[in-house]
Amino acid sequence: MITVALTKGRLYKDFTAYLEDNDLQQYIEPLSEDTRSLYTIVDNVKFIFAKGPDVPTYVESGVADIGIVGSDIIEEDTFNILNVSQLPFGDCHFSVAGLPDQGELRTIATKYTNVASKYFREKKMDVSLVHLNGSVELAPLLGLTDGIVDIVQTGNTLKDNGLIEYEKILEIHARLIANKRTFYTKEDEIYKFLTEIGVF
Ligand code: PRP
Ligand code: MG
């Protein structure tokens with residue numbers, strides 16, 4: 001049995017759409033079930049559903065052998081995992097955004113303080129960061145900060161809140177990650193699953 005860590009966020013929709021596009025019927029139904037259960041088993045594969053930032057934690061410890069995670073998570077935090085490959089879904093990007101008539105950016109709200117501080121340090125911009133846990137678009141609207149650093153996918157959240165992108169920071173894609181030990185000790189099972197879903 002191998003354990004695959006998935007997230008039930010936005011990336012999950014992209015992953016199930018990928019399974020549908022590739023006609024991987026055996027996985028579509030069990031993974032699309034409307035249930036509060038946090039795991040499901042298909043043949044020799046146990047899928048667990050974690051919060052995005054927790055996927056690498058499960059994989060690092062080895063209780064999950066592989067995981068599918070947005071590269072935003074592994075850009076923001078450091079994990080002792082194998083960063084195996086990029087996957088053909090989950091594309092979006094990090095941007096700096098704010099109100100159309102904003103002047104200088106002195107304060108920025110974000111969930112991604114490491115990504116943001118690296119970016120502003122490289123640009124030699126003196127910016128104070130305010131850490132928020134989500135819905136960061138509220139910060140410039142309410143005057144908490146001058147702007148935000150956040151993920152943009154369709155652009156609808158920015159648009160619906162009257163915000164614009166100032167600059168793109170970094171592309172984001174789904175990534176396959178693996179435990180450094182079990183990726184080799186369970187090589188055959190992992191390889192079989194990854195081949196089946198067309199990743200290898
Ligand atoms: C994410 C992200 C943006 C939005 C981008 O938020 O933080 O707000 O999605 O997607 P879009 O460009 O397609 O609108 P999410 O809905 O995951 O919630 P959170 O920010 O509260 O975590
Ligand atoms: Mg958001």
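All heavy atoms count here, side chains included; hydrogens, waters and symmetry mates do not. Each ligand, and each atom within it, is numbered from 1 in the order the structure gives.
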Can you see whether Tyr39 has Lys46 sitting over its ring - NZ or CZ less than 6.0 Å from the centre and within 45° of the normal? yes
Sorted by chain and number, sequence neighbours left out, side chain to side chain contact (heavy atoms under 4.5 Å, CB included) with Ala97 holds for Ile148, Leu158
Under a 3.5 Å distance rule, please check whether Tyr18 uses its side chain to pair with a backbone N or O of Ile197 as donor and acceptor. yes
Those residues at least two apart in sequence (or on a different chain) that pass side chain to side chain contact (heavy atoms under 4.5 Å, CB included) with Lys8 are Tyr12, Phe49
Do we see a donor-acceptor contact under 3.5 Å between the side chains of Gln102 and Tyr166? no
One pair per line, please: each N/O atom of ligand 1 matched with every protein N/O atom under 3.5 Å away, atom names first, then the distance to 0.1 Å.
{"unit_1": "ligand 1", "atom_1": "7 (O)", "unit_2": "Asp150", "atom_2": "OD1", "d": "3.0"}
{"unit_1": "ligand 1", "atom_1": "7 (O)", "unit_2": "Asp150", "atom_2": "OD2", "d": "2.7"}
{"unit_1": "ligand 1", "atom_1": "8 (O)", "unit_2": "Glu137", "atom_2": "OE2", "d": "2.5"}
{"unit_1": "ligand 1", "atom_1": "8 (O)", "unit_2": "Asp150", "atom_2": "OD2", "d": "3.2"}
{"unit_1": "ligand 1", "atom_1": "9 (O)", "unit_2": "Arg10", "atom_2": "NH2", "d": "3.1"}
{"unit_1": "ligand 1", "atom_1": "10 (O)", "unit_2": "Arg10", "atom_2": "NH1", "d": "3.0"}
{"unit_1": "ligand 1", "atom_1": "12 (O)", "unit_2": "Gln153", "atom_2": "N", "d": "2.8"}
{"unit_1": "ligand 1", "atom_1": "12 (O)", "unit_2": "Thr154", "atom_2": "N", "d": "3.1"}
{"unit_1": "ligand 1", "atom_1": "12 (O)", "unit_2": "Gly155", "atom_2": "N", "d": "2.7"}
{"unit_1": "ligand 1", "atom_1": "13 (O)", "unit_2": "Arg10", "atom_2": "NH1", "d": "3.1"}
{"unit_1": "ligand 1", "atom_1": "13 (O)", "unit_2": "Thr154", "atom_2": "N", "d": "2.8"}
{"unit_1": "ligand 1", "atom_1": "13 (O)", "unit_2": "Thr154", "atom_2": "OG1", "d": "2.5"}
{"unit_1": "ligand 1", "atom_1": "14 (O)", "unit_2": "Thr157", "atom_2": "N", "d": "2.9"}
{"unit_1": "ligand 1", "atom_1": "14 (O)", "unit_2": "Thr157", "atom_2": "OG1", "d": "2.4"}
{"unit_1": "ligand 1", "atom_1": "16 (O)", "unit_2": "Arg10", "atom_2": "NH2", "d": "3.1"}
{"unit_1": "ligand 1", "atom_1": "20 (O)", "unit_2": "Ser135", "atom_2": "N", "d": "3.3"}
{"unit_1": "ligand 1", "atom_1": "21 (O)", "unit_2": "Ser135", "atom_2": "N", "d": "3.0"}
{"unit_1": "ligand 1", "atom_1": "22 (O)", "unit_2": "Lys111", "atom_2": "NZ", "d": "2.7"}

Quick one: list whatever passes side chain to side chain contact (heavy atoms under 4.5 Å, CB included) with Arg10, sequence neighbours left out. Gln153
